[in-house]
Amino acid sequence: MGKEKKRVESITPRDEDFGRWYTDVVIQAALVDYSSVKGCLILRPNGWGIWERIQHVLDGMLKATSHQNVAMPMFIPESLLEREKDHVEGFAPEVAWVTHGGDEELEERLCVRPTSETLFCEHYAKIVQSYRDLPILYNQWVSVVRWEKSTRPFLRTREFYWQEGHTVHATEEDAMEETLRMLDVYTDFCENYLAMPVIRGQKTDKEKFAGAQKTYTIEAQMHDGKALQSGTSHYFGDGFARAFGIQYSDKNNELQFAHQTSWGVSTRLIGAIIMVHGDDSGLVLPPKIAPTQIALIPIAFHKEGVLDKAMEVKAQLEKDFTVLMDDSDKMPGWKFAQYEMEGIPLRLELGPRDIESGSCMAVRRDTGEKVSLKLENLNAQVQELLDAIQQNLYDRALALRNERIYEVHDYESFVETVENKPGFILAPWCDDQACEDKIKEDTGATSRCIPFDKTLEEGAKCVCCGKEAKHMVYWGKAY
RNA sequence: CGGGGUGUAGCUCAGGUGGUAGAGCGCUUGUUUCGGGAACAAGAGGCCGCAAGUUCAAGUCUUGUCACUCCGACCA
């Protein structure tokens, strides 16, 4: 060849610079584009398509658990936002304000919702009268705005899309049950659709949601070992109900305050998918959430019969899968690289040789493995491959995460582990925020959660101060 | 919000000491190609991020501002 090496679009190797790799993938897989407002992204078809899949699947799960969708306004009057003290303290520093309508200054400024508790609560105060009205199980799919100082695509943007569920219940027990049920739904969704293992647990008081009594979380480990809070479910008790006057008459005709929950996941999940599954060739999408599951590439399709056969195969596949057939005149090699970049789980190549032998070539995105499939009964074979990919992505992520959980019991090892071993640390804690603060100060790691499935050993001491421990806690650096 | 870096063609970038804008890739058209990012030919494409200032003259110098990006602090 001897020619100068051609310049091709490429991405930074993942293990060389994870941050750069991430932004390269986000841009080159055509998920987003930047807009002229900092932290407000354009979600392109590839990116929005993933969100549509997330919405579709998760919305089904929410409906199946009796939730109803609503739409609240985008604006919150300042006085309404201020109704619950902890809540406003938590959010005030990062809300965007609308001060004018046309040329005229508003009597009262309006914030663009950073979250919609106050709007739901104002409404609930009106519609809740009797125990017969409860529970109320509402959800909305909207975008919210938080004026973040530093932003990163999907992980931290000023406007982001999410779903926020807001429910009202008669009793503490009912509300707590709902809080944990939704954590289960999120767990199921992340593990079975996103192929992303999560650790479930409770947030410490320091990390809980502004205005919540208890916050539960699912925490995922990214490929670089850092944690990503991937979904939260909050138990409010009757705090908001008291602030907003949400009361009902019980069976004995006595007025009671209602008990509430809220819970949400956001487009941040797209960031999680990228950082859990992606590799040096770009995005890797789990088949169950991929907007396009199969890239069908006809080879040498100017030759007699190839394109016809490809159309036929496409029609067959589309009975069960989403298929992209690329019959543009780009080179096959270009198409291979492009659809790998975009994370399409399975590629099927169909050329004259395949047609001759009644087969096609399948290439797995997760492993790069090539197998020849018979065209006869193709869909069943493809389904099998997609299932295997889905399972492999999960198994792979789980194995890597489990390898990178380190249990430590003394502070020296704790500091040494945070510094040298990316991943999560499991260590006992005394329940004093001073220790959380010190750990963050010294190492940059924060408490991720108090897991449900780890019990404290008899006589365990706080990894930081050495006093008697109250909980086992996962710690780690987080996004 | 603190520290570093960067804004010139769609993308990546080059444009000493100020003198009116370039390359590669991409794009368009045509021909040949097609099993891992094709070749040739002919084209199109730029208020040099934005705003002030210095100057006869600013991509180039000054100041401001906005955005992106990396590293911290803060938050989903």
Side-chain angles (χ1 to χ4, degrees), chain A residues 1 3-10 12 17-24 26-28 32-41 90-95 114-115 144-164 203 206-210 215 217-220 227-234 262-272 281-282 297-303 306-307 326-341 347-356 360-361 363 368 370 372 440-441 444 446 477-479:
Chain A
M1 309 293 277
K3 285 203 172 169
E4 197 177 329
K5 196 180 177 189
K6 196 175 336 82
R7 188 202 198 116
V8 292
E9 277 188 319
S10 63
T12 307
D17 183 338
F18 194 75
R20 235 173 247 289
W21 168 84
Y22 177 79
T23 44
D24 286 349
V26 161
I27 295 299
Q28 294 199 31
V32 300
D33 191 18
Y34 295 104
S35 77
S36 51
V37 178
K38 178 182 167 70
C40 296
L41 293 170
F91 284 100
E94 52 181 17
V95 295
T115 178
V144 291
V145 170
R146 298 181 188 176
W147 216 249
E148 301 288 348
K149 286 161 185 159
S150 64
T151 60
R152 300 190 72 185
F154 296 121
L155 301 178
R156 175 150 294 107
T157 50
R158 283 182 173 170
E159 180 184 19
F160 60 92
Y161 294 84
W162 74 349
Q163 58 70 218
E164 46 178 329
K203 283 290 189 188
K206 175 180 160 73
E207 299 283 333
K208 76 183 184 190
F209 178 82
T215 289
T217 179
I218 48 174
E219 298 284 325
L228 188 75
Q229 178 177 307
S230 303
T232 45
S233 186
H234 315 292
S262 84
W263 26 273
V265 297
S266 72
T267 37
R268 181 178 252 199
L269 286 176
I270 298 174
S281 301
I297 315 291
I299 307 291
F301 55 83
H302 58 288
K303 288 183 182 158
V306 175
L307 202 52
D326 188 343
D327 59 353
S328 71
D329 60 5
K330 294 240 169 47
M331 299 296 288
W334 186 93
K335 295 175 186 175
F336 299 167
Q338 183 61 28
Y339 300 122
E340 279 165 14
M341 179 73 73
R347 179 173 80 239
L348 296 181
E349 301 169 21
L350 186 73
R353 295 208 299 265
D354 302 295
I355 293 169
E356 188 100 4
C360 69
M361 190 60 76
V363 185
K370 292 189 180 189
S372 180
K440 177 150 195 196
E441 174 80 27
T446 50
K477 291 187 179 171
Y479 277 98

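Below, read A as the first sequence line, B as the second, and so on, with proteins coming before strands; counting in each chain starts at 1.
- Each of B:C70, B:C75, B:G36 was ranked by its minimum atom distance to the side chain of A:R20; first place goes to B:C70.
- Checked against B:G35, B:C34, B:U69, the side chain of A:A300 finds its nearest nucleotide in B:C34.
- Listed nucleotides B:G37, B:C75, B:U69 differ in distance to A:M341; the shortest reach to its side chain belongs to B:G37.
- Of the nucleotides present, none pairs with B:U54 by Watson-Crick or G-U wobble criteria with both distances under 3.5 Å.
- Across all strands, A:G19 comes closer than 4.0 Å only to sugar-phosphate atoms, never to a base (heavy-atom distances).
- Comparing the P positions of B:U54 and B:U62 gives an interatomic distance of 15 Å, to the nearest angstrom.
- Heavy atoms of A:I297 sit nowhere under 4.0 angstrom from any nucleic acid atom.
- A 3.5 Å limit on both hydrogen-bonding distances identifies B:U6 as the Watson-Crick or G-U partner of B:A67.
- Neither OP1 nor OP2 of B:C74 sits under 4.0 Å from any side-chain N or O of A:S150.
- The same atom, C1', is picked in B:A14 and in B:A9; the two are 13 Å apart, to the nearest Å.
- Between A:I299 atom CD1 and B:G36 atom C1' there is a gap of 9 Å when expressed in whole angstrom units.
- The A:V363 side chain lies nearest to B:G36 when the options are B:G36, B:G35, B:C75.
- Nucleotides B:G59 and B:G46 are separated by 11 Å at their C1' atoms, to the nearest Å.
- Judged by distance alone with a 3.5 Å cut-off, a donor-acceptor contact links the side chain of A:E340 to the base of B:G36.
- An OP1 or OP2 oxygen of B:C70 is reached within less than 4.0 angstrom by a side-chain nitrogen or oxygen of A:R152.
- When each of A:F301 and A:A478 is assigned the nucleotide of RNA chain B bearing its nearest heavy atom, the one mapping closer to the 5' terminus is A:F301.
- A:G39 comes within 4.0 angstrom of the backbone, heavy atoms only, and of no base.
- Under the Watson-Crick and G-U wobble criteria, each requiring two contacts below 3.5 Å, nucleotide B:U60 is left unpaired.
- Proximity note for A:Y34 (side chain, C-beta onward) versus B:G35, B:U69, B:C1: the nearest is B:U69.
- A gap of 24 Å separates the P atoms of B:G18 and B:A51, to the nearest Å.
- Under the 90° criterion around 0 for the glycosidic angle, B:C40 counts as anti.
- Comparing the P positions of B:C11 and B:C50 gives an interatomic distance of 14 Å, to the nearest angstrom.
- In this structure, the NZ atom of A:K208 is 15 Å from the P atom of B:C75, given to the nearest Å.
- Taking atom NZ on A:K477 and atom P on B:G72, their separation rounds to 7 Å, with Å as the unit.
- The pairing partner recorded for B:U12 is B:A23, the criterion being a Watson-Crick or G-U wobble arrangement whose two distances lie under 3.5 angstrom.
- Using a 4.5 Å heavy-atom cutoff, the side chains of A:Y161 and A:E159 are in contact.
- Here the side chains of A:V32 and A:I27 are in contact, with some heavy-atom distance below 4.5 Å.
- For the P atoms, the distance linking B:U55 with B:U69 amounts to 39 Å, nearest Å.
- Look at CD1 on A:I27: it is 14 Å from C1' on B:A67, rounded to the nearest Å.
- Residue A:P93 is out of contact with every strand shown, counting any heavy-atom pair closer than 4.0 Å.
- For the atom pair CD1 (A:I270) and CZ (A:F154), the distance works out to 4.5 Å, reported to the nearest 0.5 Å.
- If you measure from atom CD of A:Q338 to atom C1' of B:A38, you get 16 Å, rounded to the nearest angstrom.
- Nucleotide B:U29 is matched to B:A41 when pairs are restricted to Watson-Crick or G-U wobble geometry with both distances under 3.5 angstrom.
- When distances are taken from the side chain of A:H302 to each of B:G36, B:C34, B:C68, the shortest belongs to B:C34.
- Between the CG atom of A:L41 and the OH atom of A:Y34 there is a distance of 7.0 Å, given to the nearest 0.5 Å.
- Distances from the side chain of A:T151 to the nucleotides B:G37, B:U69, B:C75 place B:U69 closest.
- You'll find the side chain of A:F209 stays beyond 4.5 Å of the side chain of A:W263, heavy atoms only.
- Taking atom CG of A:D326 as the reference point, atom P of B:G37 lies 16 Å away to the nearest angstrom.
- You'll find the side chain of A:S230 reaches within 4.5 Å of the side chain of A:L269, heavy atoms only.
- Among the protein residues, A:F160 comes within range of the nucleic acid bases, having at least one heavy atom under 4.0 Å from a base atom.
- Residue A:E148 is classed as a base contact, given a heavy-atom separation below 4.0 Å to a base.
- The two residues A:R158 and A:E148 have their closest heavy-atom pair at NE-O, 2.8 Å.
- Within the nucleic acid shown, A:K149 comes within 4.0 Å of at least one base atom, counting heavy atoms only.
- Taking atom P on both B:G22 and B:G15, the two are 15 Å apart, rounded to the nearest angstrom.
- A straight line from CG of A:L41 to C1' of B:C68 spans 11 Å, rounded to a whole angstrom.
- Comparing B:A67, B:U69, B:G35 by their closest approach to the side chain of A:T23 singles out B:U69.
- Here the separation of B:A41 from B:G4, taken at their P atoms, is 48 Å to the nearest Å.
- Classification of the A:Y479-A:F18 ring pair by plane angle, with boundaries at 30° and 60°, yields tilted.
- Comparing atom distances between the A:P332 side chain and each of B:A73, B:C68, B:G35 picks out B:G35 as nearest.
- Considering only side-chain atoms of A:K440, the nucleotide from B:C75, B:A67, B:U69 that sits closest is B:C75.
- In terms of position along RNA chain B, the nucleotide closest to A:V37 lies nearer the 5' end than the nucleotide closest to the other residue of the pair A:V37 and A:Y479.
- The interatomic distance linking A:D329 (CG) with B:U31 (P) rounds to 11 Å, in whole Å.
- No engagement by A:T232 is indicated, since no non-hydrogen atom pair under 4.0 Å with the nucleic acid exists.
- The phosphate of B:C34 (OP1 or OP2) has no side-chain N or O of A:K330 nearer than 4.0 angstrom.
- Residues A:Q338 and A:K330 bring no donor and acceptor atom of their side chains to less than 3.5 Å of each other.
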